[in-house]
Amino acid sequence: MYKQSFRCCYFFKRRFKLKQTEPPKDIKDVFDLYSENGTMSINDLRRFLVEHQGEDEATVDKEAEAIFNSLKHLNVLQRRGLHLDAFFRYLFGDLNSPLPPPTVHHDMTAPLAHYFMYTGHNSYLTGNQLSSDSSIEPIVSALRRGVRVIELDLWPNPKRDDVVVCHGGTLTSSVELIKCLEAIKENAFYASEYPVIITFEDHLDPKLQAKVAQMVHQTFGDMLFLPKSEFLQELPGPEFTKKKILISTKLPKGSLDSTTAKESEQKQNEFDEDEDEEIATPEYKSLIAIPSEKLKHGVKALTTVDPHKVHRLALSELQLENAIKTHGTDIVRFTQQNLLRVYPKGTRISSSNYNPVEGWTYGIQMAAVNMQGYDKHLWITHGRFRANGGCGYVKKPDFLLNVGPNNEVFDPRSWHPVKTTLKVKIYMGDGWQLDFKPTYFDPFSPPDFFAKVQILGVSADKEKMKTMAIEDQWVPVWNEEFVFPLTVVELALLRIEVREFDTDGRHDFGGQTCLPVSELRTGIRAVPLYDRKGEKYRSVKLLMRFVFV
């Protein structure tokens, strides 16, 4: 025990007895099981990793030795092995992550349509959708986090002699397109070597489209993926497009491929009389690796799949909600070959986000979110793309890609049996006292932390639970277990959030994380927590146990 004082009413102090960080009973029992006379040898540690933690391939020379070496500088090692305190420090340490080491382990050779992609919306905005600045900084930040799909809105500058990026029809400032392209080039493969897709929302005439083509070629050069034919029957996989930039946008105005002859003639009259400007710029058209269009005439576009060409379709979150009600399985079938991008509705002025989970359950590859939104739906997106080594591409489960003998496909709304049950035990949390000031959560007492645990996935797998609030402790000890039956494990996410209890109901934020259930490592694990922006705290972690039964 140690004491902490808080000033109250100017003249008085309140003193609190606080618990020291010490191993819970379960940890002591496990240590006793795998140690002898209070010491865990390196061979004992290896046996613990294999039998209790489920690390079947752990060896003495590699995994166990690395743990021993990580503790040497702390002076907690005994000559012959670990005592309880050293073992406890390891369990709360960085080598005991809830996810496997960050290596790509999915098959990366399938067509691009077979992957969920880390996708941003209005990637250039620094804040709200109405009046914030446009800048390269959000683009750089997103790419360095591992985002693989960047959206740029292209508009003429006031003189109509150059191209800028901005949110048209709003008070947002603009940034030169060339600066955005250069920022992408410099940062595209900082976090991942897999391809970056740039989606252009194009509001340009043919003359400026030609200028864009020149900029793109000069900036990216050999990094640019140029399709060998006008339309591809399937998009190449991430493995075959490593360190490549792919452009996705609508076919140019005036292109006979995007309109009927009559429509083309009408569109040409909208531009200058100069015949060269009336015809779609071939250089710009040749950039387009993934042709795109928006859903304008109902959901018919979702029901027709052309086996001879692939394209990208864009829907708002409201359009998706309506399409799911009547054509849910058509969406699954469409996304087996083509790309579908969903974007936030226009009323999300504050850059908030919709829930991307439903889109993923229907096979939608590009669930685009505002990276500056800093809400739980952005945290969920971060969690999805912690899978597969954080490379920005997550292989869709096979059941989203399969077609049955009667042309049936996976339906998230249909009944599915329970495949497994996940048991989640939250032992304790620690580290807030190192990362926060003593009065950050409460000016008159230590914090009262509680944890919320949530499963997200298909509708049958959605569940929320929470712990009791532990009063006046920087090191809360909960020792509570939650049980989650799961029907579709491959799509499930585990979201954890810690709050500090307030009687007025405005519980202060204490950290969060989101983890793909299919990649959870079993056993006792140290779970790092992140702040609102998705940045990892230096010290704050939860000690938890994951078991599948």
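These numbers were taken from a predicted model, which means no experiment stands behind them.
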**Ser141-Glu137 side chain donor-acceptor pair, cut-off 3.5 Å** = no

**Prompt:** Does some side-chain heavy atom of Leu152 sit less than 4.5 Å from a side-chain heavy atom of Ile184?
**Reply:** yes

**Asked** Is the closest side-chain donor-acceptor distance between Ser351 and Gln129 under 3.5 Å?
**Response** yes

**Prompt:** If you measure from CD on Gln365 to CE on Met117, what distance do you get to the nearest 0.5 Å?
**Reply:** 5.5 Å

**Message:** Are the side chains of Pro195 and Tyr393 in contact, using a 4.5 Å heavy-atom criterion?
**Reply:** yes

**Request:** With rounding to the nearest 0.5 Å, note down the distance linking CD1 in Ile150 to OG in Ser123.
**Result:** 4.0 Å

**Asked** Can a cation-pi geometry be assigned to Arg532 and Phe509, taking NZ or CZ under 6.0 Å from the six-membered ring centre and within 45° of the ring axis?
**Response** yes

**Request:** Mind running side-chain contact (heavy atoms from CB on, under 4.5 Å) on Val527 and Lys541 for me, showing each step along the way?
**Result:** CA-CA 5 Å; Val527 180; Lys541 293 177 182 175; over 6 Å; no

**Request:** Applying side-chain contact (heavy atoms from CB on, under 4.5 Å), run through Leu456 and Arg495 and close with a yes or a no.
**Result:** CA-CA 8 Å; Leu456 301 136; Arg495 193 173 84 82; 4.0 Å; yes

**Request:** Could you check if a side-chain atom of Val196 sits within less than 4.5 angstrom of a side-chain atom of Leu143, using non-hydrogen atoms only?
**Result:** yes

**Message:** Could you check whether any side-chain N or O of Glu500 sits under 3.5 Å from a backbone N or O of Asp448, counting only pairs where one atom can act as donor and the other as acceptor?
**Reply:** yes

**Complete:** One should read off an interatomic distance between Arg145 CZ and Ser192 OG, to the nearest 0.5 angstrom, of 14.5 Å

**Asked** Would you find more than 12 non-hydrogen atoms of other residues, nucleotides or ligands less than 6.0 Å from Glu51 atom CD?
**Response** yes

**Request:** For a side-chain contact (heavy atoms from CB on, under 4.5 Å) with Asp430, tell me which candidate from Val477, Val540, Leu543, Val475 qualifies.
**Result:** Val475

**Prompt:** Got a donor-acceptor contact below 3.5 angstrom from the Lys376 side chain to the Gln512 backbone?
**Reply:** no

**Request:** Would you check, one step at a time, whether the test side-chain hydrogen bond (donor to acceptor under 3.5 Å, both in side chains) holds for His105 with Glu519?
**Result:** CA-CA 11 Å; His105 54 90; Glu519 297 209 1; 2.9 Å; yes

**Prompt:** What is the ring orientation for Phe436 with Tyr440, classed by angle as parallel under 30°, tilted 30 to 60°, or perpendicular over 60°?
**Reply:** tilted

**Request:** Have a look at Glu490 and tell me which of Lys395, Lys419, Arg384 forms a salt bridge (charged side-chain N to carboxylate O under 4.0 Å, His left out) with it.
**Result:** Lys419

**Prompt:** Does the side-chain hydrogen bond (donor to acceptor under 3.5 Å, both in side chains) test come out yes or no for Tyr374 and Asp531, once each step is laid out?
**Reply:** CA-CA 9 Å; Tyr374 305 148; Asp531 65 15; over 6 Å; no

**Message:** Heavy-atom count check: over 12 atoms from other residues, nucleotides or ligands less than 6.0 Å from Lys462 NZ?
**Reply:** yes

**Message:** Any heavy-atom pair between the side chains of Phe548 and Thr421 that's under 4.5 Å?
**Reply:** no

**Item:** Residue pair Trp432, Phe449: steps toward the ring pair (Phe, Tyr, Trp, His ring centres under 6.0 Å) verdict
**Value:** CA-CA 10 Å; Trp432 286 281; Phe449 287 126; 4.2 Å; yes

**Prompt:** Under the side-chain hydrogen bond (donor to acceptor under 3.5 Å, both in side chains) test, which residues partner Ser352, sequence neighbours left out?
**Reply:** Arg348

**Message:** So, using ring pair (Phe, Tyr, Trp, His ring centres under 6.0 Å) as the criterion, who are the partners of Tyr190 when residues are at least two apart?
**Reply:** none

**Message:** With no hydrogens and no angle check, just 3.5 Å: does a side-chain donor-acceptor pair link Asn128 and Gln372?
**Reply:** no

**Prompt:** Mind checking whether Pro516 and Leu99 have side chains closer than 4.5 Å, heavy atoms only?
**Reply:** yes

**Message:** Quick check: closest heavy atoms across Asp461 and Val488, and the distance to 0.1 Å?
**Reply:** OD2-N, 2.9 Å

**Request:** Could you grab the distance from atom CZ of Phe48 to atom OH of Tyr34, nearest 0.5 Å is fine?
**Result:** 7.5 Å

**Prompt:** Are Thr513 and Arg386 side-chain neighbours, meaning at least one heavy-atom pair lies under 4.5 Å?
**Reply:** yes

**Message:** If we count only N and O atoms by modelled type, under 3.5 Å, do the side chains of Thr109 and Asp107 hold a donor and an acceptor together?
**Reply:** yes

**Item:** Test item: Pro447 and Trp474 side chains (from C-beta on) under 4.5 Å apart, heavy atoms
**Value:** yes

**Message:** Looking at every heavy atom in both Glu151 and Tyr124, which two are closest together, and how far apart are they?
**Reply:** O-CD2, 3.6 Å

**Prompt:** When rounded to the nearest 0.5 angstrom, what distance separates CG in Leu542 from NZ in Lys425?
**Reply:** 14.5 Å

**Item:** Chi angles and distances behind the side-chain contact (heavy atoms from CB on, under 4.5 Å) call for Arg525, Gln53
**Value:** CA-CA 9 Å; Arg525 301 293 174 182; Gln53 302 291 83; 3.4 Å; yes

**Complete:** Applying salt bridge (Lys or Arg N to Asp or Glu O under 4.0 Å) to Arg46 and not counting sequence neighbours gives none

**Asked** Between the side chains of Asn370 and His121, is a donor N or O closer than 3.5 angstrom to an acceptor N or O?
**Response** yes

**Request:** Report, as yes or no, whether the 6.0 Å neighbourhood of atom CG on Asp94 holds more than 12 heavy atoms from other residues, nucleotides or ligands.
**Result:** no

**Message:** Can you see whether His382 engages Tyr118 through a side-chain donor-acceptor pair at a distance of less than 3.5 angstrom?
**Reply:** yes

**Request:** Side-chain contact test, heavy atoms from C-beta onward, threshold under 4.5 Å: evaluate it for Thr381 versus Trp360 and give yes or no.
**Result:** yes

**Prompt:** Does the distance from a Lys or Arg side-chain N to an Asp or Glu carboxylate O, for Lys242 and Glu193, drop under 4.0 Å?
**Reply:** yes

**Ring centres under 6.0 angstrom apart (Phe410, His416)** = yes

**Message:** Hydrogens and angles aside, do Asp435 and Ser539 bring a side-chain donor and acceptor to less than 3.5 Å of each other?
**Reply:** yes

**Message:** Looking only at the side chains, is there a donor atom on one of Glu321 and Tyr354 sitting less than 3.5 Å from an acceptor on the other?
**Reply:** no

**Asked** Does the distance from a Lys or Arg side-chain N to an Asp or Glu carboxylate O, for Glu481 and Arg545, drop under 4.0 Å?
**Response** yes

**Message:** More than 12 heavy atoms of other residues, nucleotides or ligands under 6.0 Å from CD of Glu65: yes or no?
**Reply:** yes

**Asked** Looking at CG of Asn479 and CD1 of Ile426, how far apart are the two atoms once the value is rounded to the nearest 0.5 Å?
**Response** 10.5 Å

**Prompt:** Going by an N to O cut-off under 4.0 Å, is there a salt bridge joining Lys28 and Asp32?
**Reply:** no

**Message:** Under a plain distance cut-off of 3.5 Å, with no hydrogens placed, do Asp26 and Tyr427 share a side-chain donor-acceptor pair?
**Reply:** yes

**Item:** Short side-chain donor-acceptor distance under 3.5 Å, Tyr343 and Asn122
**Value:** no

**Prompt:** Got a donor-acceptor contact below 3.5 angstrom from the Arg521 side chain to the Ser97 backbone?
**Reply:** yes

